[in-house]
Every structure is written in structure tokens, then in C-alpha cells.
Amino acid sequence: MALGLAEAGAKIVGVASSSLEAARVGVEAVGGEFLGIQADLSTIKPIDEIVNKTIERFSKVDILINSAGTIRRAEAVDFTEKDWDDVLNVNLKSLFFLSQAAARRFIAQQTGGKIINVASLLSFQGGIRVLSYTASKSGVMGLTRILACEWAKHNINVNAIAPGYMATDITAPLRADPVRNSEILARIPAGRWGMPEDLKGIAVFLASEASSYLNGFTIAVDGGWLAR
């Protein structure tokens, strides 16, 4: 998504607790500008600093993509409070307070803006052994709707992308399990796992004026999984 937006002309601020070097190299390789900010989004403490550093470097904020996420796997009867809090804090709490901070900037700038949340197929389905993840991603869909309703009057569009089964670190255990991997592939009409670049187009669309009358909607990019 960052590369797609950079290719479309956006300046990119990347936020992560891990290394951002690969993102920087990728963005700069397509001629984009990149600011990397190390931050732990399991807490909302870094949010003001993230916004302030962005303003210092680029003078304004136009687009926010809430893509930070984590997951815990366990049977519901064995699920711990820590596994609940760890996921909800990153996937839902920080997402809302980052959205709030961005919306305040959009309103102060009187420019409007675009907020793109990363939901999940589990915003639509229940899943197995991912209790707090499913709860958080269902919450992402709900927040996307209510924030769209409240902020549309400020020319702020809030939408979400629900990726299907993507080849990412989070799904590595599933892809490494021959049985689960084959079960998943058998259900995807496209016949393959999604790749990060499959999200470029939808991210650019939702960040652009082309989507100015789209608000509060969650779009699945899933190779046809939900249609099956």
C-alpha cells in the first residue's frame, strides 16, 4: 500500500516497531519521499508524536492507513486476558485514536482527508481460535461506519479494506501447515494466496478523489473467498 501510494505521488510516513528500512528503500526507489517513525502501537502514547513529526516534515496530513495488527491463537475456553488486551490494543484502540488524531488535523487544516482502515475477512466471519482478532476486526468494520457518519460533514472519507488470505508474517503458520494451506487454497477461487501488491490499487483508489462519494464501506480484496 505504501509503495502504491508513493507511485501515485504521495509522501509516505511509515510507523512500525520493527525496522522500516525495506519500506524506505522501496518508496525511494519509485521516487517517493519517506519518513520512518519507530513506535509501539500497543499503546496510544506515541500518537501525538507521530502526528507532530509528520507535520514537521510535510506540513500537513492528507491520508491515514491504519494497518498495524497482531494476532493470538488459542481455544476460546483457554483464552487469556493478556491475549485479549494485546490484540485489542493494537488492532482497535490505537486504530481509533490514530483516526481521531488525523481527523483533528483534517478539520484544523480544513482540507478534508482520507482514512483507510485494514479490516479482515474475519470482520465478516467468525474464524477459528482467533477470538480477540475476530472481535477486533469486527470492531474495525463498526468503527469505520460510525466515523464515516460523524466525519463526512468535514469532507473526511473513512473506509476499510478487508484483505483475504495474504502471504504475510501473520499467516506464515497457516502456509506452513500442509493441511490448512491446501484447505485455504481450495476455497479461494483465484487459486492462490494474496500478495501485498494486490492491495496497491484499492489503497490508491480509497486515498484519491475517485472515491469521494464512498464512505463507511469495507471492501474485501480476497480472490473471491467471500463469494464462494
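Sequential numbering from 1 along the given sequence is applied to the chain's residues.
Each of Ile219, Thr218, Leu206 was evaluated against Ile161; a single residue qualifies, Leu206, per the side-chain contact (heavy atoms from CB on, under 4.5 Å) test.
Through direct or indirect side-chain contacts shorter than 4.5 Å among Ile, Leu, Val, Met, Phe, Trp and Tyr, Val90 is connected to no other residue.
Lys45 is linked by a salt bridge (charged side-chain N to carboxylate O under 4.0 Å, His left out) to nothing, counting only residues two or more places apart in sequence or in another chain.
Looking at Thr144 and Asn117, their side chains do bring a donor and an acceptor atom within 3.5 Å of each other. A side-chain donor-acceptor contact under 3.5 Å links Ser99 and Asn66. With 3.5 Å as the limit, one finds no donor-acceptor pair spanning the side chains of Trp151 and Gln100.
At least one donor-acceptor pair under 3.5 Å links the side chain of Ser212 to the backbone N or O of Glu209.
Between Asp86 and Arg72, at least one side-chain N (NZ, or NE/NH1/NH2) sits under 4.0 Å from a carboxylate O, which counts as a salt bridge. One finds a salt bridge joining Lys53 and Glu49 here, because a Lys/Arg side-chain nitrogen approaches an Asp/Glu carboxylate oxygen to under 4.0 Å.
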Lys60/Asp62 under salt bridge (charged side-chain N to carboxylate O under 4.0 Å, His left out): CA gap, chis, key distance, verdict: CA-CA 7 Å; Lys60 64 173 183 171; Asp62 299 300; 3.4 Å; yes
Leu199/Val221 under side-chain contact (heavy atoms from CB on, under 4.5 Å): CA gap, chis, key distance, verdict: CA-CA 7 Å; Leu199 300 177; Val221 181; 3.9 Å; yes
Ring pair (Phe, Tyr, Trp, His ring centres under 6.0 Å) assessment of Phe79 paired with Trp84: CA-CA 7 Å; Phe79 220 81; Trp84 178 271; 7.1 Å; no
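Counting only residues at least two apart or on different chains, the side chain to side chain donor-acceptor pair (under 3.5 Å) pairs with a member in residues 9-36 are Glu21-Arg24, Arg24-Glu28.
Within 6.0 Å of CD on Glu197 lie more than 12 heavy atoms contributed by other residues, nucleotides or ligands. Counting non-hydrogen atoms of other residues, nucleotides and ligands closer than 6.0 Å to CD1 of Ile128 gives a total of 12 or fewer. Around atom CZ of Phe34, more than 12 heavy atoms belonging to other residues, nucleotides or ligands sit under 6.0 Å away. In Leu226, the CG atom is crowded: over 12 heavy atoms of neighbouring residues, nucleotides or ligands sit closer than 6.0 Å.
Between Tyr165 and Trp225, the ring planes lie tilted relative to each other; the angle falls in the 30° to 60° range.
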